[in-house]
Every structure is written in C-alpha cells, then in structure tokens.
Amino acid sequence: MPELPEVEIVKQSLNKTIKSKKILKVSVKNRDLRFKVEKNFELKLINKKIKNILRKAKYLILEMEENLFLVIHFGMSGTMHLVKKNKRNINTNLSFYHSKTLPLKHNHIIIHFSKFKIIYNDPRRFGFFKIIETKKEFESYLNKYAKEPLDKDFNYEYVKKKISNRKKNIKNILLDQNIISGIGNIYANEILFYSKINPKKLGSELKFIEINRLVKFSKKVIKKAILMGGSSIRDFKNSNGERGSFQKEFKVYDKKDQLCPNLRCKKKIIKVNISNRSTFYCSYCQK
DNA sequence: CCGTTAACCTGAGAGC
DNA sequence: TGCTCTCAGGTTAACG
C-alpha cells in the first residue's frame with residue numbers, strides 16, 4: 001500500500017507520539033505476516049524506550065535503546081492506528097488513507113504504551129516486522145537499497161549510470177527498489193506523465209533531457225505528496241478523517257478514459273498492463 | 001548477470 | 001441476494 005510519501009507521513013505522526021516513550025507490553029495476534037514474526041519478538045521489545053523513528057524508502061524503522069532496530073514494511077495493505085487507552089471507543093488518531101475507525105479484523109500486532117497503544121492492521125499480510133540487534137547489521141540491511149528521489153545525490157549522473165545499460169522499460173525501472181527506491185505504482189505513473197516519457201520506453205533509450213526531467217519530477221512529485229499528507233485511495237470516500245489529499249492531484253493514475261490534463265491535448269488517458277501492474281498514460285504527451 | 005512472470009493473501013466492486 | 005471474476009498503494013523466487 002504505502003509508497004515513500006505515505007510511510008513518511010506515518011513516521012512524522014509517530015515522531016509526535018511515541019518518541020522517547022517506553023513499550024510496556026507487546027501482543028502478537030497473528031505471526032503469519034510476509035515473514036513469520038519471530039518467537040522472541042515480544043520479549044525483545046518489552047521495557048525498551050523508543051529513541052527515534054526513521055524512514056528509508058518504504059521502510060519504517062523504530063530505533064530503540066540498546067541498538068535494537070524494529071524494521072517495518074507495510075506491504076500492500078498495512079496501516080498503523082493509534083488508540084487511546086482506557087477508552088472503549090475505537091477511534092484512531094493515526095489514520096492516513098484510512099477512516100478514523102479501527103478496523104474490526106486483521107489487527108495483528110499491538111504495542112502498548114502507558115497512555116495509548118499502536119495497532120498494526122494488514123488484511124493481505126504482505127507486510128512484516130523484523131528486529132535487528134546490532135547497528136552494523138542494521139546499516140548493512142538498509143544499504144542494500146538504492147537511492148531514493150529525496151537523496152541529495154539522486155541526480156542526473158546517478159540515474160544515468162543506473163539505467164543507461166538497461167533493456168527494461170522505464171516503468172519497471174521506477175518500480176525496481178534496487179535501481180531507485182521509494183517509488184510505487186501511483187507515483188511511477190505520475191512521475192512519467194510530468195516527465196513526458198512513455199512508460200514502455202527502455203531505460204537505455206532515454207535521452208539527456210528525459211533523464212533530467214525524471215530526476216526533477218521524481219523529487220517534485222514525492223515532495224509535494226509528502227506536503228499533502230500522502231495519497232488516500234479506494235477507501236477515502238467513506239472516511240471523514242483521512243489525512244492524505246494527494247489523490248486530488250493525480251494527473252493520470254486511475255484516470256482511464258478521462259481527458260489528458262494537458263489542455264492543448266484533448267486526448268484520453270489510456271490504461272495498459274505492464275508486468276501485471278496497471279499503467280496509465282497519455283500516448284500523445286508521453287513519447 | 002538480466003528481464004519477466006507467477007505467487008503470496010484478503011476484500012471490494014462490477015457484471016450477471 | 002449471491003455468485004464469479006478482476007483488481008488492488010509490494011516484493012521476490014523461479015525460470016529462460
């Protein structure tokens with residue numbers, strides 16, 4: 001579900017609430033996430049204080065005392081909910097693309113603090129929670145991943161070097177976390193529209209100006225999405241408290257048969273399948 | 001090494 | 001109302 005901007009929003013919310021708080025109790029209702037939640041998960045976290053909350057690409061990291069790192073990935077459908085304690089209500093305070101109501105099913109992991117608890121919900125269970133116990137191991141774990149658009153040295157030279165010998169189409173390149181990290185299906189579509197690049201074009205075919213636009217608009221789109229609280233799709237209709245509003249800015253994503261936002265164009269956005277992912281673009285503006 | 005596809009899961013919505 | 005089918009914000013093992 002969440003791409004870089006959505007995970008960043010979670011990070012920012014958590015920084016306001018659980019930073020420097022102590023974990024009093026952990027309960028795991030279902031260990032069968034994408035990777036099995038380890039046996040000693042609860043024991044390792046209990047009585048630890050949270051030092052900091054970090055993000056890298058689509059990963060959220062809770063940095064604990066004693067060089068303990070809890071790495072969280074939300075998969076396709078993971079969400080985090082903050083619920084005040086000692087209240088019977090089911091209001092959550094941490095609803096990004098979700099309603100303010102805690103879902104009834106699929107609440108797999110609950111982390112208790114003195115005045116509230118955070119609940120991890122994930123219907124499809126593609127997400128995971130992993131504990132890393134040394135700083136060294138933590139750093140090498142994250143260094144595996146490619147640079148993300150917001151990195152200072154994510155620039156023309158970096159992207160050029162990464163893609164110029166690739167026979168892979170640019171849409172799949174943007175989704176490949178080993179080439180560029182943090183971008184998912186929504187933002188890949190949007191970035192390619194702004195960059196005026198046909199998603200089927202191969203990495204090796206991109207010209208100087210196209211790579212430049214790709215770098216520029218990757219940064220712009222991701223930054224703006226963060227400023228707008230991320231994107232809330234699918235369930236945002238029935239939610240009165242969703243935080244994200246970047247879905248209102250979508251130019252092509254989920255816009256099949258709608259007019260191209262470029263007013264001079266007047267053609268319709270088309271939808272095609274690229275490697276089993278829906279891809280939306282204007283075949284006139286994106287060459 | 002590289003690129004593509006299928007598989008992992010549940011639920012919502014469309015069409016009949 | 002209910003059935004079947006397709007699709008969904010991600011990742012990766014397995015294959016050629």
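- A cation-pi arrangement is present between A:Lys147 and A:Tyr158 under the rule of less than 6.0 angstrom and at most 45 degrees off the ring axis.
- The phosphate of C:dT11 has OP1 or OP2 within less than 4.0 Å of a side-chain N or O from A:His73.
- For the P atoms, the distance from B:dA6 to C:dT6 is 14 Å, rounded to whole Å.
- OP1 or OP2 of C:dG10 has at least one side-chain nitrogen or oxygen of A:Lys58 nearer than 4.0 Å.
- With hydrogens and angles disregarded, no donor-acceptor distance shorter than 3.5 Å links the side chain of A:Arg125 to the backbone of A:Leu33.
- The phosphate of C:dA8 has OP1 or OP2 within less than 4.0 Å of a side-chain N or O from A:Ser278.
- Toward the 5' end of DNA chain B, the nearer of the two residues A:His106 and A:Arg34, judged by each one's closest nucleotide, is A:Arg34.
- A gap of 23 Å separates the P atoms of C:dT11 and B:dA12, to the nearest Å.
- Look at A:Lys271 and you won't find any side-chain N or O under 4.0 angstrom from OP1 or OP2 of C:dC7.
- Of the side-chain N and O atoms in A:Arg124, none sit less than 4.0 angstrom from OP1 or OP2 of C:dG10.
- Residue A:Arg125 contributes atom CZ, which lies 16 Å from atom C1' of C:dT11 at whole-angstrom precision.
- Phosphate proximity of C:dG9 to A:Tyr187: absent, as no side-chain N or O sits under 4.0 Å from OP1 or OP2.
- For the P atom pair drawn from C:dC7 and B:dT5, the interatomic distance equals 15 Å after rounding to whole Å.
- Counting to the nearest Å, the P atom of C:dG10 and the NZ atom of A:Lys171 are 9 Å from each other.
- We find that NZ of A:Lys105 is positioned 4 Å from P of B:dG11, with the value rounded to whole Å.
- The interatomic distance linking A:Phe129 (CZ) with C:dT11 (P) rounds to 16 Å, in whole Å.
- The partner of C:dG9 cannot be assigned: no Watson-Crick or G-U wobble pair with both contacts below 3.5 Å exists in any strand.
- The phosphate of C:dC7 (OP1 or OP2) has no side-chain N or O of A:Arg277 nearer than 4.0 angstrom.
- Here the P atom of nucleotide C:dG9 and the CG atom of A:Asn121 are 18 Å apart, to the nearest Å.
- Between A:Phe126 and C:dT11, no base-stacking contact is recorded for ring centres under 5.5 Å apart and planes less than 30° from parallel.
- B:dC9 makes up no base pair with any nucleotide shown, lacking Watson-Crick or G-U wobble contacts both under 3.5 Å.
- Ionic pairing of A:Glu139 and A:Lys56 is not present here: no N-O contact between side-chain nitrogen and carboxylate oxygen is shorter than 4.0 angstrom.
- The distance from the NE2 atom of A:His112 to the CD1 atom of A:Ile119 is 7.5 Å, given to the nearest 0.5 Å.
- A:Glu8 contributes no side-chain N or O that, together with a main-chain N or O of A:Leu4, makes up a donor-acceptor pair within less than 3.5 Å.
- Spacing between atom CG of A:Leu174 and atom C1' of C:dT11 amounts to 16 Å, rounded to whole angstrom units.
- Side-chain atoms of A:Pro123 lie closest to B:dG11 of the nucleotides B:dG11, C:dG9, C:dT11.
- A straight line from NZ of A:Lys167 to C1' of C:dG16 spans 18 Å, rounded to a whole angstrom.
- Residue contacts shown for A:Asn276 include a base, since a base heavy atom lies under 4.0 Å away.
- The backbone N or O of A:Lys251 lies less than 3.5 Å from a partner atom in the side chain of A:Glu190, making a donor-acceptor pair.
- Taking only side-chain nitrogens and oxygens, A:Gln177 comes nearer than 4.0 Å to OP1 or OP2 of C:dT11.
- Relative to the side chain of A:Asn185, the nucleotides C:dG10, B:dC9, C:dC7 differ in distance, and C:dG10 lies closest.
- At whole-Å resolution of the value, NZ in A:Lys144 and P in C:dT12 are 8 Å apart.
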